[in-house]
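Worksheet for the structure shown next.
We name chains A, B, ... by the order of the sequence lines, and we start the count at 1 in each one.
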Amino acid sequence: MVLPNKTPAQTPASEKRSLGRGVFQKCDGCGQVHTAEDFAESWWVCASCGAHHPMSPAEWRRLLLDDGALETWDEHVSPTDPLGFDDGKSYRARLERAVGRSGHSEAVEVGRATLSGRRVAYGSYVFPFMGGSMGSVVGERVTRLFERAHDERLPVILIHASGGARMQEGLLSLMQMAKTVGALRRFRAARRVFVSVLVHPTTGGVAASTALLGDVNLAEPGALIGFAGPRVIESTLRTTLPEGFQRSEFLLAHGMVDLIVPRAEMKSTLHALLSHLEGP
Amino acid sequence: MNHVLAFERPVVELVKRVAELRELAREDARLSAELKRLEEKAAKAAREVFARLTPMQKVQLSRHPNRPYTLDYVHRLFDDFIELRGDRRFADDASIVGGLGRYHGRSVVVVGHQKGRSTKENMVRNFGMPNPEGYRKAIRLYELADRFGLPVVTFIDTPGAFPGIEAEERGQSEAIGSSLEVMSRLGVPIVTTIIGEGGSGGALALGVANRVLILEFSYYSVISPEGCAAILWKDGTRAPEAAERLRITAPELLDLGCVDAIVEEPPGGAHQDHDEAARRLDRALYEALMSLGGLDAEALREDRYSRFRRLGSFVA
C-alpha cells in the first residue's frame, strides 16, 4: 500500500538525462560521481559499485525491445474517481499531476513488441505515476495484456515496479489482484510463457498478485521486493530490520526468485529463456 | 465477555433484559406477551441506533471481541467437522483453520481466518494474521476440494496478513498470489463470507469466490482505516475520516459491486446472538451454493473469472 506522493521523489532517468552535458550525478550506492551522460550510457548502473538506479519505462523499452519500439495497447483506458476520494487534495488532481510529472497516461504501459526478433507481449509499470500503484486502469490493462497474449499466442514479459494497490480507489483496487491473477491463470492454462521481472521496488498488492507468479522470476540487483513495506514491519515489531532484508539477494537466498540479472544482461537472459521455453 | 462499546450500550441493556425475560417466560407462559413487547422494543431501539452508525463504529463492531469467529459458525453450520491441519511444508498456522464438514447433507471443505477470544488464544492464533504457511494450508485444502469435487466455503476475518520478518523470508507475497491463482482455477463452487474484518490482500487470499457475501457490520478494505490515516495525514487517530472516504461498509461495497449480498445481523449485531447470526448466514450461504449447483467445472471457473473481470472503474 502506498500513497505514492509520500514515497521519495524519483525523477525518471529520462528527465535526468535531459539535463544535458556537464551535469553530474552521484551514485546512491557508493557516492561516486558520474557525468549524466556516462550514467545514462551505462543504463544508470554505477560503473564503480554496480548499483542499479531507477530507469524510466522509455529506457526499459530501449534496453529490452528491438528499436525500443512498443506498439501500445489500451492507452485509451483511463481512470475515473469511483469513490470521489479527497484527502485534502482530490484524487483527480493527483491523477492530473501524475500524468504531467510522469508523461504517462497511467501506472502501467502494455503492448506488443519484438525482443531480439521474438514477438512478445510486454508490460512495464510506471513507478513515477503514483508509485506504480494498481488501480482499476492498471488492473484492466494487465488483464487485457494476458488476454491478448493468450489470443495472439505470445509470451508475456512484465516489468514490475509498484508500491501496491492504489488506496484512492478503495476495494476496487484490491479486486484488481484477483482479476489480474485470474487472467494469468487462463493464460497459463494455454501453456504460454510468463516471465516476471522484479525491479526496485515491488511491494504490497502487486508483489502479492502477478509479481512472484512467473514461470521464471528475474530480479534486478538490490531491488526491494516484499509484501509488507519495511516501515510497516519495523513499526509492528518495534525492531530494526537486518541489512539487506527484502532485497533481491535475500529473495534469491529464500527461494523466491530464480535469478538476479544485471541490467546489461537482461535482454539476452530474456531471449535465452524464451528460446528454451518456446523453442528456438 | 462483558466488552461493550459506548454507542451500543442502550441496545445491549435491552437485549440483556429480553434474554432474561425469555428465560422467565419459559417457566411462565403469562409473560409471553410482555416478552413479545420487549423484543419488539429492543429490535426497534437496535434498528434506530444501528441505522445511524458511522463507518468507524461498524469497523469497531467487526472487531468486537464477542463477535462470532469462524469456528463459532463452523460448529453451528456443519456436521461431523474434522479439522485438517498443516501445510505439509513448514508448519500449521492456527490463524487459518480448515477442514471437512457436512453442510445440509453435503460434504464441503471449509477454510477461514480464526481469531482468538483470550489473550492466550490470540498468541496462538496470531490475532488472525496469517503467515505464508496459513495460505499454503488453505491452498492444500482448496486442491483437496477440487480433487474430490467438494464445494468450498470460506470465512474472512483478518486485520491482514502478518507483516513479519519470517513471513517475508517464507514468501508472504508468493503465498497470497498463489492462493489467488489456485482459487481462480478450482472447478468446484466457492462461496466466501466476510464475517468480521476484511483486511486487504490477507483477506482476499481467501476470497476469490463465485459468490461473496458480507455480514452487515463487517468491513472489507484495501487498507485499514488506521493505516490509511497514518499515510494520508500521518495521524492514525483520524481513522474515522479514512473509514468514511474508503467506502468500506457493506452497503457501499454492494454498490461498488465488490460483494454480492449482505447478510443482516441480529438486533444489536452478531455478537448479541451467535445462534441467530448463524441461522441468518446459513440461509444466505445455502441460497448461494444452490445457485451454483447446475454449473460444471469449466462454467464455475468462467463464472468466477467474469465476476472479478468486471470489477473496476475506468473509461475506455
Side-chain angles (χ1 to χ4, degrees), chain A residues 1-3 6 74 76-80 82-83 85-88 135-137 139-140 143 165-167 169-179 181-186 188-189 204-205 207-213 225-228 232-233 236-237 239 241-242 245-246 250 254-256, chain B residues 132 160-165 167-178 180-185 198 200-205 207-208 220-223 227-228 230-234 241-242 245-248 252-253 256-259 301 304-305 307-316:
Chain A
M1 274 308 315
V2 283
L3 180 76
K6 297 287 199 280
D74 303 312
H76 61 287
V77 176
S78 14
T80 66
L83 309 188
F85 200 93
D86 195 323
D87 57 72
S136 299
V137 171
E140 182 68 20
T143 297
R166 187 178 298 169
M167 69 185 178
E169 292 186 24
L171 197 66
L172 287 173
S173 295
L174 193 78
M175 297 296 112
Q176 305 309 309
M177 294 170 66
K179 178 165 150 179
V181 172
L184 166 60
R185 194 283 302 172
R186 291 164 108 237
R188 185 164 276 164
S209 45
T210 55
L212 287 148
L213 300 181
I225 303 158
F227 178 66
V232 173
I233 299 175
T236 307
L237 305 179
T239 179
L241 298 168
F245 180 66
Q246 294 182 314
F250 169 96
H254 287 95
M256 294 299 146
Chain B
F162 187 60
I165 293 175
E168 296 292 325
E169 286 176 339
R170 297 197 291 272
Q172 190 73 287
S173 305
E174 190 276 341
I176 293 172
S178 287
L180 304 179
E181 187 176 1
V182 171
M183 290 190 94
S184 302
R185 71 164 179 253
S200 197
L204 179 65
V208 187
Y220 195 6
S221 182
V222 66
I223 184 171
C228 180
I231 294 174
L232 287 180
W233 305 300
K234 303 218 182 308
E241 290 168 68
R245 286 173 170 76
L246 285 166
R247 310 263 198 113
I248 58 180
E252 291 167 309
L253 297 173
L256 289 170
C258 294
V259 300
R301 276 190 282 268
R304 207 174 303 126
Y305 184 62
R307 188 199 175 281
F308 286 90
R309 180 70 186 80
R310 65 174 177 264
L311 292 179
S313 170
F314 54 85
V315 192

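Across V181(A) and G177(B), no two heavy atoms sit closer than the pair CG1-O, 4.1 Å. Here the shortest heavy-atom pairing between V232(A) and P163(B) reads CG1-CB, 4.1 Å. What you find for F227(A) and A161(B) is that their closest heavy atoms are CE2-CB, 3.6 Å. When every heavy atom of A316(B) is checked against every heavy atom of V77(A), the shortest pair comes out as CB-CG2, 4.1 Å. The nearest pair of heavy atoms linking Y305(B) to K179(A) is CE1-O, 4.0 Å. Contact record, L246(B) with M167(A): CD2-O, 3.6 Å, taken as the closest heavy-atom pair.
Distance check, rounded to the nearest 0.5 Å: CG of L232(B) to CG of D86(A) gives 10.0 Å. Distance check, rounded to the nearest 0.5 Å: CD1 of I223(B) to OG of S173(A) gives 11.0 Å. Separation of atoms SG (C228(B)) and CG (D87(A)) is listed at 8.0 Å; rounding is to 0.5 Å. Rounding to the nearest 0.5 Å places SG of C258(B) at 4.5 Å from CG of L172(A). For the atom pair CZ of R185(A) and CD of E181(B), the computed distance is 8.5 Å after rounding to the nearest 0.5 Å. Rounding to the nearest 0.5 Å places CG of L171(A) at 12.5 Å from CZ of R247(B).
E168(B) places a side-chain N or O within donor-acceptor distance of the main-chain N or O of A228(A), the cut-off being under 3.5 Å. When atom types are taken as modelled, the side chain of S136(A) and the backbone of G312(B) share no donor-acceptor pair closer than 3.5 angstrom. Put simply, the side chain of E174(B) never gets that close to the backbone of A211(A): no donor and acceptor are under 3.5 Å apart.
Of the listed residues I225(A), V137(A), L237(A), the one with more heavy-atom pairs under 4.5 angstrom with chain B than any other is L237(A). Highest contact tally toward chain A, considering only Q172(B), E241(B), R185(B), E252(B), is held by R185(B) [criterion: heavy-atom pairs under 4.5 Å]. Listed options V208(B), L253(B), V182(B), I165(B) were ranked by heavy-atom pairs under 4.5 angstrom with chain A; first place goes to I165(B). Between chain B and the options R186(A), Q246(A), Q176(A), heavy-atom pairs under 4.5 Å are most frequent for R186(A).
D74(A) is not listed as a side-chain neighbour of F314(B), based on a closest heavy-atom distance of 4.5 Å or more.
Of the two parts of S221(B), only the backbone, made up of N, CA, C and O, holds a non-hydrogen atom closer than 4.5 Å to a non-hydrogen atom of chain A. No part of A189(A) comes within reach of chain B, as not one of its non-hydrogen atoms sits under 4.5 angstrom from that chain. L83(A) touches chain B through backbone and side chain together, each having a heavy atom under 4.5 Å away. If you measure heavy-atom distances from S78(A) to chain B, the contacts under 4.5 Å come from both the backbone and the side chain. Only the side chain of M256(A) has a heavy atom closer than 4.5 Å to any heavy atom of chain B. For Y220(B), the parts lying near chain A are the backbone and the side chain together; criterion is any non-hydrogen pair under 4.5 Å. Only the backbone of R170(B) comes within contact range of chain A, with at least one heavy atom under 4.5 Å from a heavy atom of that chain.
Classification of R309(B) and E140(A) as a salt-bridged pair holds, one side-chain N sitting under 4.0 Å from a carboxylate O.
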